[in-house]
Amino acid sequence: MNRYLIDRVTRHLIQLLVGLVVALILIFLGYLIWQGRHQVTWTFLTTSSEVGLGIRDQLFNSLYLLVLTLLLSFPIALGSAVALTIYAKQNIFTRLAQMAIEVLSSLPSIIVGLFGFLFLVLKVGLGFSVLSGAIALTFFNLPILTQSMILALKNVPTSRLEAGISLGVSQWHVLLKVIIPEAIPGIISGIVLSAGRVFGEAAALIYTAGQSAPQLDYHNWNIFSANSFLNPLRPAETLAVHIWKVNTENIGIDADKISRGAIVILVVVVLLFNFLARRLSNYLQQKNGGR
Amino acid sequence: MAAMKQADLAGYLNFPNQDIALRCTDVNVDYATERAIFDCNCVFPKNKITALIGPSGSGKSTLLRCLNRMNDGRAQVSGTIDYEGTNLNDQQINVYQLRQKIGMLFQQPNPFARSIYFNLAFGIREHQAISKSELEQRMREVLEMVDLWSEISGDLQRHANHLSGGQQQRLCLARTLMLQPDILLLDEPASALDPIATAKIEANLLALKKDITIIIVTHNLEQAARISDYTAFFYQGYLVEYDRTKHLFLKPHQKLTADYLAGNFG
Ligand SMILES: Nc1ncnc2c1ncn2[C@@H]1O[C@H](COP(=O)(O)OP(=O)(O)OP(=O)(O)O)[C@@H](O)[C@H]1O
Ligand SMILES: [Mg+2]
């Protein structure tokens with residue numbers, strides 16, 4: 001066989017494999033959405049599971065937990081990414097931190113969940129609550145968020161730092177006003193992608209945020225009140241946990257309907273996050289990078 | 001090897017202080033693993049262009065970076081570097097103020113990936129309160145100094161990435177000029193540029209000389225001969241010979257210098 005032919009064959013083979021993967025994903029997602037298409041109604045989205053066949057509170061809980069998790073993990077991740085890329089030279093400390101990040105990112109999420117249960121729920125006494133869940137999810141989220149921010153910061157040439165410093169500006173200000181702004185497209189897509197993961201996570205939440213979704217009052221803004229939607233110390237079953245629960249408890253014919261509908265919402269939201277991440281980072285790159 | 005330099009330097013080291021912008025005395029520079037500059041004594045005359053030449057790894061960049069403390073955190077610098085009556089190598093010196101007075105330009109153009117306006121405003125806004133009109137006035141002045149104003153037709157909002165390499169380098173030059181420095185340090189500023197862009201930078205430097213002392217590292221010997229008044233030849237961390245450019249190129253005193261100029265070693 002001549003080289004030209006080999007080249008063509010391998011190229012077609014690769015195209016075929018890529019096509020196969022894409023087809024597999026499309027079939028998989030298509031099937032899930034097709035299955036639940038009749039379940040997703042306005043009533044389904046706006047009814048509490050306590051009084052009917054709805055997922056209103058679970059959907060809100062998922063979003064609330066997501067926001068809290070990001071609020072907790074974003075500053076920590078950005079701080080460690082900056083410390084590891086800009087400030088620290090390669091030494092034992094940074095290698096240790098890198099290793100910790102890698103270990104943490106390969107930890108099964110059920111372990112994170114059990115740690116949350118033993119430490120946050122029991123020892124610290126936060127109980128099954130939004131806060132316990134958010135902290136557990138922070139542990140779960142931190143490694144990949146930090147990794148993606150390290151990547152975003154490393155994409156900014158170090159010559160920028162040198163340029164800023166040579167203008168008599170402190171390293172800290174160059175970082176704040178030049179390096180981080182330039183890394184924002186990467187940072188944002190990292191956040192949104194990790195948001196998708198957090199939104200779909202169940203195992204880390206079962207024993208931390210709990211498996212019950214008390215009916216919430218969306219007009220009660222008093223965060224200390226038990227049925228306030230904002231209360232961070234109330235138990236908060238999320239969408240993903242809800243799917244897991246209705247399926248394991250098997251409460252008859254409705255379980256099937258609920259989980260099919262909930263899956264559609266979960267998949268759509270996660271896809272939306274991914275789509276958004278792409279659009280936003282492309283847009284910012286164009287605006288910022290001038291390419 | 002340390003002995004040979006003294007003979008050639010003696011006259012210049014006695015230059016009166018008012019003619020000298022920077023004076024290095026017994027400067028040694030150590031990286032973690034090795035010494036890169038050995039007992040350097042030299043002067044950089046005011047409002048002149050001094051070229052630093054020598055083979056790769058001879059310590060030119062290392063010495064240049066001592067002159068505005070860009071070696072802080074990278075290398076240990078000992079000795080004194082006199083600048084307007086103070087030792088700028090003193091740890092008590094305010095390096096942020098110092099670097100405004102002694103600016104630097106690098107081999108690769110490194111504009112911030114933002115507008116020309118942002119690039120020019122960044123440094124100065126960090127240091128002083130300046131009105132918008134005064135700021136824009138000064139932007140125009142420095143862009144005219146580097147012949148960029150007309151090339152961008154006065155459009156300060158243009159993105160720095162949309163400039164050519166040569167224009168980017170001149171923008172970086174303008175960026176340091178915004179701070180009205182006394183001294184400019186340039187580390188092979190034209191080695192990434194084509195001959196035409198190089199000629200433009202050289203013309204800019206010659207024009208700037210009347211206000212600013214310029215010290216330039218270059219591998220391009222013709223460039224050194226074209227624009228510099230004084231030349232320092234470095235070899236393996238030693239300043240081997242220092243002289244008026246004309247003398248050094250026509251009648252080098254050291255055999256090493258002669259060999260290097262003749263291209264007898266890389
Ligand atoms: N960050 C560093 N850490 C350790 N050693 C270094 C570092 N930078 C430079 N050196 C060493 O110091 C010596 C002088 O390097 P320097 O960069 O000053 O040379 P140069 O004359 O500018 O060379 P070139 O013409 O290639 O730019 C070299 O031996 C180099 O290996
Ligand atoms: Mg160099």
Side-chain angles (χ1 to χ4, degrees), chain A residues 78 81-95 149-190 280-291, chain B residues 32 64-65 67-74 94-116 118-128 157-163 168-169 171-181 184-187 192:
Chain A
L78 186 60
V82 164
L84 286 175
T85 47
I86 314 279
Y87 278 102
K89 306 189 181 72
Q90 278 300 322
N91 57 27
I92 295 178
F93 173 75
T94 53
R95 271 203 295 278
M149 288 191 187
I150 287 176
L151 217 66
L153 288 173
K154 277 197 173 150
N155 270 335
V156 181
T158 46
S159 65
R160 308 268 200 270
L161 189 63
E162 206 162 44
I165 288 174
S166 78
L167 292 170
V169 179
S170 68
Q171 181 158 309
W172 175 238
H173 272 199
V174 182
L175 196 69
L176 228 54
K177 293 181 179 162
V178 177
I179 313 278
I180 291 177
E182 202 171 321
I184 277 181
I187 290 177
I188 289 194
S189 67
L280 211 63
S281 96
N282 278 351
Y283 168 76
L284 286 170
Q285 210 135 48
Q286 250 157 34
K287 206 178 122 191
N288 204 357
R291 272 178 283 271
Chain B
L64 193 75
R65 296 172 69 93
L67 304 179
N68 69 343
R69 295 283 295 273
M70 290 295 283
N71 275 337
D72 284 19
R74 288 165 63 107
N94 179 337
V95 293
Y96 305 115
Q97 274 171 19
L98 178 76
R99 291 180 190 140
Q100 292 172 54
K101 289 283 128 200
I102 306 182
M104 191 161 207
L105 200 62
F106 302 84
Q107 180 170 7
Q108 291 296 332
N110 55 4
F112 305 126
R114 306 279 274 276
S115 66
I116 291 174
F118 178 91
N119 270 276
L120 296 180
F122 178 68
I124 195 163
R125 281 226 186 110
E126 289 285 320
H127 301 304
Q128 61 192 74
Q157 292 310 323
R158 192 174 290 189
H159 202 286
N161 287 8
H162 291 167
L163 301 173
Q168 286 183 359
Q169 191 63 306
L171 173 63
C172 294
L173 180 56
R175 187 173 63 185
T176 48
L177 292 177
M178 283 297 284
L179 301 171
Q180 300 176 320
L184 261 182
L185 311 175
L186 307 110
D187 197 346

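By convention in this document, chain letters (A, B, ...) are assigned in the order of the sequence lines, proteins followed by strands, and residues within each chain are numbered from 1.
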J.: Using 0.5 Å steps for rounding, measure from the CZ atom of B:F112 to the NZ atom of A:K177.
T.: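 Those atoms lie 11.5 Å apart.
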
J.: Which atoms of B:M70 are under 4.5 Å from chain A, going by heavy atoms: the side chain, the backbone, both sets, or neither?
T.: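 Contact with chain A: side chain only.
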
J.: Would you name the heavy atoms of B:L179 and A:L167 that are closest together and state the gap between them?
T.: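 The pair with the smallest heavy-atom distance is CD1-O, 3.5 Å.
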
J.: If you count heavy-atom pairs under 4.5 Å between each of B:R175, B:M178, B:Q100, B:Q108 and chain A, which one has the most?
T.: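 Top option by heavy-atom pairs under 4.5 Å: B:R175.
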
J.: In terms of heavy-atom proximity below 4.5 Å to chain A, should B:R65 be classed as side chain, backbone, both, or neither?
T.: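 The side chain, not the backbone.
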
J.: Under a 4.0 Å threshold between the charged nitrogen and the carboxylate oxygen, would B:R114 count as salt-bridged to A:E182?
T.: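 No.
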
J.: Side chains of B:M104 and A:E162: closer than 4.5 Å at any heavy-atom pair?
T.: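 B:M104 does not reach A:E162 side chain to side chain.
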
J.: Above 12 or not: heavy atoms from other molecules or residues under 6.0 Å from NZ of B:K101?
T.: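 Enclosed: over 12 neighbouring heavy atoms sit under 6.0 Å from NZ of B:K101.
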
J.: To the nearest 0.5 Å, what is the distance between OG (A:S166) and CD1 (B:I102)?
T.: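 Going from OG on A:S166 over to CD1 on B:I102, the span is 12.0 Å.
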
J.: Could you tell me which non-hydrogen atom of B:F122 sits nearest to which non-hydrogen atom of A:V174, and how far apart they are?
T.: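 The pair with the smallest heavy-atom distance is CZ-CA, 4.2 Å.
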
J.: Taking B:C172, B:G103, B:P111 one by one, which has the highest count of heavy-atom pairs under 4.5 Å against chain A?
T.: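 Heavy-atom pairs under 4.5 Å are most numerous for B:P111.
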
J.: If every non-hydrogen atom of B:N110 is compared with every non-hydrogen atom of A:S159, which pair is closest and at what distance?
T.: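 Minimum heavy-atom contact is ND2-O, 3.4 Å.
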
J.: Are the side chains of A:V169 and B:H127 in contact, using a 4.5 Å heavy-atom criterion?
T.: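 Counting from C-beta outward, B:H127 and A:V169 do come under 4.5 Å.
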
J.: With a 4.5 angstrom heavy-atom cut-off, is it the side chain or the backbone of B:F106 that approaches chain A, or both, or neither?
T.: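 Contact with chain A involves the side chain of B:F106 alone.
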
